[in-house]
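The chains referred to below are lettered A, B, ... by the order of the sequence lines, with proteins before strands, and numbering in each begins at 1. All values reported here derive from a predicted model rather than from experimental measurement.
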Amino acid sequence: MRNLVSALFAGALFGAGLTLSGMTDPMRVRGFLDLFGDWDPTLVFVMGSALLVTAIAWRIQPAMARPLFGEKFSLPTRKDLDSRLITGAALFGVGWGIAGVCPGPGFAALALVPVAAVIFLGGMLGGMILFRFTLDK
Amino acid sequence: MAVPLLTPDWLQIPGFPGADPLAGVLGGALIGLAASFTLLGLGRVAGVSGIAARAFGLSGEGMPRSMAVLFIIGLPVGAAILNLLTGRGAGSFPEWPFLLVAGVVVGFGTRLGSGCTSGHGVCGVSRLSARSIVATVTFIFTGIVTILIMRALGVAG
């Protein structure tokens with residue numbers, strides 16, 4: 001139960017941060033990617049601030065035997081660079097550029113511009129299903 | 001319907017009157033706190049694409065499915081609360097064909113590349129993970145190229 005409430009809280013905090021930062025505004029995101037046009041540096045501040053805070057958490061994590069509300073840490077361990085990582089990230093960037101929306105803001109936008117969010121998320125779900133039945137290992 | 005700037009004039013970056021650095025720093029800190037809470041509280045990485053795939057039943061990895069579903073529900077709940085408190089909204093979204101195509105590419109790409117802006121960009125880069133740094137540089141690069149191509153073709157998006 002504590003687990004579930006914590007997960008809801010984490011998601012809500014994330015959604016609030018995305019909305020406050022302007023990342024739910026596709027024009028602002030595309031403005032950051034428009035490096036050779038009318039460049040908007042706002043996303044640099046969002047990333048910088050988020051990275052600084054999260055880096056502190058990564059420094060604390062090794063000193064903890066277990067998470068505050070869970071049994072054990074389950075964190076990514078892979079270190080290899082493979083073509084799937086790079087191809088996948090490259091594709092994601094293309095989609096990110098086309099609409100200025102990534103998964104987090106897509107879900108957050110359900111509360112702000114529901115119709116647009118549902119169209120984007122519908123496509124995203126479709127893409128995930130396509131992956132599940134093609135290249136998923 | 002552009003979202004009003006949070007940054008006062010005296011704090012504005014010279015040469016970038018449309019930027020909103022204060023909103024970026026404050027919102028980014030909240031995003032960082034959410035990622036930190038997910039890491040230290042739940043023992044997991046806050047990668048939205050992976051958590052979404054888990055919630056939809058399309059991935060066998062990651063947090064328990066019930067937790068994934070609640071995390072995903074939390075995203076619009078948090079956005080709604082912030083919107084009520086501050087009036088900050090979503091700005092204008094592109095036309096539906098762009099949203100749909102972008103969604104498909106984002107869904108497929110994030111699964112193939114094991115992450116998006118949150119998992120790789122925030123959690124992985126702050127951990128100095130080589131995979132996440134490479135992924136983040138890659139998706140920012142292809143994002144910039146995509147905008148360039150769309151501009152050259154005269155496509156609005």
Name the region of [X], side chain, backbone, both or neither, that has any atom closer than 4.5 Å to a heavy atom of chain A.
X        : value
B/Ile149 : neither
B/Leu85  : neither
B/Leu5   : side chain

**Report entry** Among B/His120, B/Glu61, B/Arg127, B/Met63, residue most engaged with chain A (heavy-atom pairs, under 4.5 Å)
**Finding:** B/Arg127
Can you find a pair of side-chain heavy atoms, one from [X] and one from [Y], that are under 4.5 Å apart?
X        : Y        : answer
B/Val106 : A/Val101 : no
B/Leu42  : A/Pro67  : no
A/Leu4   : B/Met67  : yes
B/Ser129 : A/Pro76  : no
A/Leu125 : B/Leu58  : yes
A/Met23  : B/Thr117 : no
B/Leu33  : A/Phe14  : no

**Report entry** Positive for side-chain contact (heavy atoms from CB on, under 4.5 Å) with A/Phe107, one of B/Val77, B/Ile51, B/Ile73, B/Ile72
**Finding:** B/Ile72
Rounded to the nearest 0.5 Å, how far apart are [atom1] of [X] and [atom2] of [Y]?
X        : Y        : atom1 : atom2 : answer
B/Arg151 : A/Arg30  : CZ    : CZ    : 9.0 Å
B/Phe141 : A/Leu33  : CZ    : CG    : 12.0 Å
B/Ile81  : A/Thr19  : CD1   : OG1   : 10.5 Å
A/Asp25  : B/Asp20  : CG    : CG    : 10.0 Å
A/Asp34  : B/Leu148 : CG    : CG    : 7.5 Å
B/Ser126 : A/Leu52  : OG    : CG    : 10.0 Å

Requested in this report: Look at B/Arg131 together with A/Asp82 and state whether they make a salt bridge at an N to O cut-off of under 4.0 Å.
Outcome: yes
Report task. Given side chain to side chain contact (heavy atoms under 4.5 Å, CB included), test B/Arg111 with A/Arg84 step by step and report yes or no. Result -> CA-CA 9 Å; B/Arg111 293 306 294 142; A/Arg84 291 169 68 93; over 6 Å; no
**Report entry** Within one Ile-Leu-Val-Met-Phe-Trp-Tyr cluster: B/Val137 and A/Val44, side-chain cutoff 4.5 Å
**Finding:** no
Query raised in the report: Linking I/L/V/M/F/W/Y whenever their side-chain heavy atoms sit closer than 4.5 Å, directly or via other members, would A/Met27 and B/Leu22 fall into one cluster?
Result: no
For chain B, the option from [options] that forms the most heavy-atom pairs under 4.5 Å:
options                             : value
A/Leu85, A/Leu68, A/Thr24           : A/Leu85
A/Gly95, A/Gly97, A/Ala7, A/Ala57   : A/Ala7
A/Gly104, A/Gly106, A/Ser74         : A/Ser74
A/Gly31, A/Ala16, A/Gly70           : A/Ala16
A/Gly126, A/Gly123, A/Ala55         : A/Gly123
A/Trp58, A/Phe36, A/Phe120, A/Trp96 : A/Trp58

Which atoms of [X] are under 4.5 Å from chain B, going by heavy atoms: the side chain, the backbone, both sets, or neither?
X        : value
A/Leu135 : side chain
A/Ser83  : neither
A/Ile56  : neither
A/Asp80  : both
A/Arg78  : both

Does [X] reach the main-chain N or O of [Y] with its side chain, forming a donor-acceptor pair under 3.5 Å?
X        : Y       : value
B/Arg88  : A/Leu20 : yes
B/Thr138 : A/Ala90 : no
A/Ser21  : B/Gly27 : no

Query raised in the report: In this structure, are over 12 heavy atoms from other groups packed under 6.0 Å from A/Phe73 atom CZ?
Result: yes
Residue pair [X] / [Y]: nearest heavy atoms and the distance that separates them:
X        : Y       : result
B/Gly43  : A/Leu75 : O-CD2, 3.6 Å
A/Ile119 : B/Leu99 : CG2-CB, 3.9 Å
B/Ser36  : A/Val53 : OG-O, 3.6 Å
A/Pro103 : B/Ser49 : CG-CB, 4.0 Å
A/Thr54  : B/Gly32 : OG1-CA, 3.4 Å
B/Ala19  : A/Thr42 : CA-OG1, 3.4 Å

Requested in this report: Could you check B/Phe108 against A/Thr134 for side chain to side chain contact (heavy atoms under 4.5 Å, CB included), going step by step and ending with a plain yes or no?
Outcome: CA-CA 10 Å; B/Phe108 191 89; A/Thr134 52; 3.6 Å; yes
Report task. Check the angle between the aromatic planes of B/Phe139 and A/Phe92 and answer parallel, tilted or perpendicular using the 30° and 60° thresholds. Result -> perpendicular
Query raised in the report: Do the ring planes of B/Phe37 and A/Phe9 sit parallel (below 30°), tilted (30 to 60°) or perpendicular (above 60°)?
Result: perpendicular
Query raised in the report: Hey, mind stepping through A/Leu8 and B/Phe71 against side chain to side chain contact (heavy atoms under 4.5 Å, CB included) and telling me if it holds?
Result: CA-CA 5 Å; A/Leu8 182 69; B/Phe71 183 98; over 6 Å; no
Query - Intermediate values then yes/no, side chain to side chain contact (heavy atoms under 4.5 Å, CB included), A/Ile60 and B/Leu40 - result: CA-CA 8 Å; A/Ile60 298 171; B/Leu40 302 179; 4.2 Å; yes
Report summary line: Test ring-ring contact (aromatic ring centres under 6.0 Å, His included), reference B/Phe16, set A/Phe32, A/Trp39, A/Phe45, output is A/Trp39
